[in-house]
Asks: 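A single structure is presented below for examination.
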Amino acid sequence: MNTAARYWVIVPAAGSGTRFASEIPKQYTSLAGATVLQHALRPLFLHPKLHTVVIVLAPNDSYFAGLKIARHGTQLDCVDGGNSRAESVLNALKFLQGKAKQNDFVLVHDAARPCLRAAEIDDLLAACEDEAVGAILALPMNDTVKRVTDHKIVETVDRTMLWRAVTPQMFRFGVLFDAVTEALKVNYEITDEASAVERAGLSVNIVEADASNIKITRQQDVSIAESLLSLE
Ligand code: CTP
Ligand code: MG
């Protein structure tokens with residue numbers, strides 16, 4: 001069954017970037033000669049195993065059409081986003097329904113993560129090869145972690161079991177479609193794909209990400225990403 005599995009990609013890019021607070025949405029901010037979205041797409045389009053990328057855009061998006069997108073032969077489709085990241089992802093999953101087989105894989109990667117490296121995609125694909133569910137990239141906590149209320153420390157939390165979930169997150173199509181559909185049906189708040197799959201009672205593997213795989217969230221992240229890209 002695994003030999004025939006294909007790899008589909010969803011890139012949610014329909015957010016409004018509240019925390020980034022700029023007129024131009026953060027996925028269209030320029031850094032190192034291209035937009036954040038173009039940087040996020042590059043390793044996905046360049047990877048030989050990923051054959052279709054579905055980008056989720058805000059229904060009123062006026063920026064994407066003006067971008068030069070180097071697809072390198074990869075199929076590219078666009079769909080409209082929803083009110084939350086999860087709804088945006090579900091719209092893309094619905095678009096893939098009937099195209100992707102239940103056992104195919106789907107990788108979801110944030111448009112706001114411009115520093116993804118090819119080696120991270122390779123590691124994730126390798127970890128999922130014989131997996132019935134999937135895996136996500138994540139980073140261990142390096143700092144001491146505090147639980148805080150009103151700027152006062154309540155306690156120091158044991159960090160040995162804590163990881164930060166990043167993207168891509170990769171699952172069998174059928175598993176992810178059912179998990180996200182069910183979670184949204186009961187208004188369960190999901191901020192990443194794994195939380196929907198966890199809710200379904202399934203076990204999700206962790207693959208260590210590269211520390212450079214940051215998400216552009218606030219303005220100061222732009223210069224950090226620029227420095228990281230210059231190191232590649
Ligand atoms: N996203 C989306 N549809 C939404 C909300 C978010 O496709 N309704 C996408 C964003 O464009 C981004 C990714 O999901 O690529 C991760 O979301 P986040 O970093 O939270 O971006 P925003 O929601 O745009 O930012 P904020 O939470 O600060 O408003
Ligand atoms: Mg958000």
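Ligands are counted one by one from 1 in listed order, and the atoms in each one are counted from 1 as well. Position 1 is the first residue of the sequence; numbering continues from there. Please read all numbers here as calculations on a predicted model, not as lab measurements.
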Asks: Under 3.5 Å, is there a donor on one side chain and an acceptor on the other for Ser195 and Glu198?
Replies: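 Note: Ser195 and Glu198 side chains miss the donor-acceptor criterion.
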
Asks: Quick check on Glu189: does its CD atom have over 12 non-hydrogen neighbours (other residues, nucleotides or ligands) under 6.0 Å away?
Replies: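 Check fails, neighbour count at 12 or below.
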
Asks: Holding to side chain to side chain contact (heavy atoms under 4.5 Å, CB included), I want the full list of residues that pass it with Asn205, two or more places apart in sequence or in another chain.
Replies: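 Listed in chain order: Glu131, Ala135.
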
Asks: Which residues satisfy the salt bridge (charged side-chain N to carboxylate O under 4.0 Å, His left out) test with Asp104, sequence neighbours excluded?
Replies: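 By the salt bridge (charged side-chain N to carboxylate O under 4.0 Å, His left out) rule, Asp104 matches Arg6.
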
Asks: Excluding sequence neighbours, so at least two apart, what forms ring-ring contact (aromatic ring centres under 6.0 Å, His included) with His72?
Replies: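 Partners of His72 by the ring-ring contact (aromatic ring centres under 6.0 Å, His included) criterion come out as none, since no residue qualifies.
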
Asks: Strictly under 4.0 angstrom, heavy-atom based: which residues surround ligand 1?
Replies: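 Within the 4.0 Å shell of ligand 1, which is judged on heavy atoms, sit Pro12, Ala13, Ala14, Gly15, Ser16, Gly17, Thr18, Arg19, Lys26, Gln27, Gly82, Asn83, Ser84, Arg85, Ser88, Asp110, Ala111, Ala112, Lys215.
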
Asks: Within a radius of less than 6.0 Å around NZ of Lys49, do more than 12 heavy atoms belonging to other residues, nucleotides or ligands occur?
Replies: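 No.
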
